[in-house]
Amino acid sequence: MTQQIKAAFFDIDGTLTSFKTHEVPQSTKDAIEALKAKDIKVFIATGRSPTQMGVVTEHLGITFDGYMTMTGQYCFDSNGFLFKHDIDKRDLRIFLDYLAAHPDVGANFAEEDYVYFNQINETIRIQYAGLGATAPSLVVDDVNRVFDHPTYQFSAFVGEDEERRIVDMLPNCRSVRWHPMFCDFIPADGGKPAGIKAFLKLYGFSREECIAFGDGGNDADMLAYAGIGVAMGNGGELAKAAADYITADVDDDGILKALQHFHVL
């Protein structure tokens, strides 16, 4: 028998929202409201920044109990709870030197209340256009801000080979990828499991009492950590390999079907 589930964590892009329609299926909205009616806590678990949660939740039309943002590096709720873990500035110095030597590479940097790019190139424009109504604004700023402002995540718009070259240069960071156009860099001991742990500690829940949903490479360790890890049918191989269960696509009521499969609903 499945242990009683007390918390559910949801990635956004490709999990809650469809890459095809950029909308949340009605079955998903109904399922989350049904979880809340059973007093199961519901959380966002995303690589996006805190500043992007307003437009996201307004578009989703769902109120969550907490938000795990920047791949677990910045977690908060409406009651004043806050957990944060920023990137070592020595690694940021190395990455800025890399950007100076590779002027064609686009990158963005996420602070607590501000996200900016070193430049806006065609790769970035294409990727952000694919996010639809939940796409954040594109702002260019001086990358030397990283030395005066805590930075919780940064991203490089590069392929997998270049990603490996960059991460090999950074002693205190690791990379995660949920999109072929770019990868995110976070503290080596960070990630979505760290965010789950912060919320489980807050509520006194165990990992066996949570279920997590994701589709991308940056969800894999979260799916492996959760009591039940569910990969979307439209997800990538890393997420599917880490999951306990592979459900249907986001557009085929995948979240609802998984919750029913495990008798959570």
Side-chain angles (χ1 to χ4, degrees), residues 2 5-50 52-69 71 77 126-136 177-181 192 195-196 199 210-220 222-223 226-265:
T2 302
I5 294 298
K6 296 182 179 180
F9 294 83
F10 300 92
D11 174 53
I12 296 178
D13 302 292
T15 301
L16 288 178
T17 61
S18 164
F19 282 121
K20 296 177 182 177
T21 67
H22 307 301
E23 301 291 337
V24 182
Q26 188 60 47
S27 66
T28 296
K29 293 182 180 181
D30 293 343
I32 292 175
E33 291 302 329
L35 290 175
K36 293 164 65 177
K38 295 183 67 172
D39 200 30
I40 295 173
K41 302 299 182 183
V42 294
F43 302 95
I44 286 287
T46 182
R48 296 192 187 213
S49 73
Q52 298 168 5
M53 289 304 97
V55 64
V56 167
T57 54
E58 180 180 350
H59 183 69
L60 297 185
I62 301 168
T63 301
F64 291 86
D65 293 291
Y67 301 87
M68 179 211 301
T69 65
T71 320
D77 65 13
I126 292 171
Q127 194 273 322
Y128 272 67
L131 295 178
T134 63
R177 179 181 290 267
W178 61 271
H179 196 282
M181 287 187 177
K192 291 188 178 183
I196 290 182
F199 280 117
C210 74
I211 186 170
F213 294 82
D215 71 300
N218 64 342
D219 297 315
M222 173 177 74
L223 301 184
I228 300 174
V230 179
M232 306 305 292
N234 51 275
E237 291 308 310
L238 286 176
K240 291 179 178 178
D244 299 296
Y245 181 71
I246 300 172
T247 189
D249 288 9
V250 58
D251 297 291
D252 189 26
D253 306 327
I255 286 177
L256 175 61
K257 289 177 177 176
L259 291 169
Q260 292 173 335
H261 173 82
F262 287 104
H263 305 292
V264 180
L265 292 180

Show me the side-chain donor-acceptor pairs of residues 234-242 shorter than 3.5 Å, one per line, residues at least two apart or across chains.
residue : atom : partner : partner atom : Å
N234    : OD1  : V250    : N            : 2.7
N234    : ND2  : G14     : O            : 2.9
K240    : NZ   : G233    : O            : 2.9

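- No donor-acceptor pair closer than 3.5 Å links the side chain of D65 to the backbone N or O of F43.
- Considering only heavy atoms from C-beta on, K36 comes within 4.5 Å of I32 through its side chain.
- What you find for M222 and A45 is that their closest heavy atoms are SD-CB, 3.7 Å.
- Inter-residue side-chain proximity for K41 and D39 is flagged as met; some heavy-atom pair is nearer than 4.5 Å.
- Side-chain contact between L60 and F10 is absent, with no heavy-atom pair separated by less than 4.5 Å.
- Judged by distance alone, the side chain of T15 and the main-chain N or O of I12 form no donor-acceptor pair under 3.5 Å.
- Listed here is the closest heavy atom pair of T69 and S49: CB-C, 4.1 Å.
- Here the shortest heavy-atom pairing between I5 and V264 reads CG1-CG2, 3.8 Å.
- Applying the side chain to side chain contact (heavy atoms under 4.5 Å, CB included) rule to K38 yields the partners I40, L265; only residues at least two apart in sequence or on another chain are considered.
- Residues F213 and L259 form a side-chain contact, since some pair of their non-hydrogen atoms from C-beta on lies under 4.5 Å apart.
- Shortest non-hydrogen contact noted between D251 and S18 is OD1-OG, 2.7 Å.
- Between L35 and A8, the closest heavy-atom pair is CD1-CB, 4.0 Å.
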Please evaluate residues D11 and M232 with respect to the criterion side-chain contact (heavy atoms from CB on, under 4.5 Å), reporting the C-alpha separation (whole Å), side-chain torsions for both, the decisive distance (0.1 Å), and the verdict. CA-CA 10 Å; D11 174 53; M232 306 305 292; over 6 Å; no

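- Under the 4.5 Å side-chain criterion, counting only non-hydrogen atoms from C-beta, V230 is not in contact with K257.
- Within the 4.5 Å cutoff, no side-chain heavy atoms of L256 are placed close to those of T247.
- N218 CG to T71 OG1: the interatomic distance, rounded to the nearest 0.5 Å, is 5.5 Å.
- Heavy atoms only, all atoms of each residue included: M53 and T46 are closest at CE-CG2, 3.8 Å.
- Within the 4.5 Å cutoff, side-chain heavy atoms of I255 are placed close to those of L16.
- Within a 6.0 Å radius of CD in E58, other residues, nucleotides and ligands contribute 12 heavy atoms or fewer.
- Residues F9 and I196 meet the side-chain proximity criterion, which asks for heavy atoms closer than 4.5 Å.
- Y245 OH to I228 CD1: the interatomic distance, rounded to the nearest 0.5 Å, is 11.0 Å.
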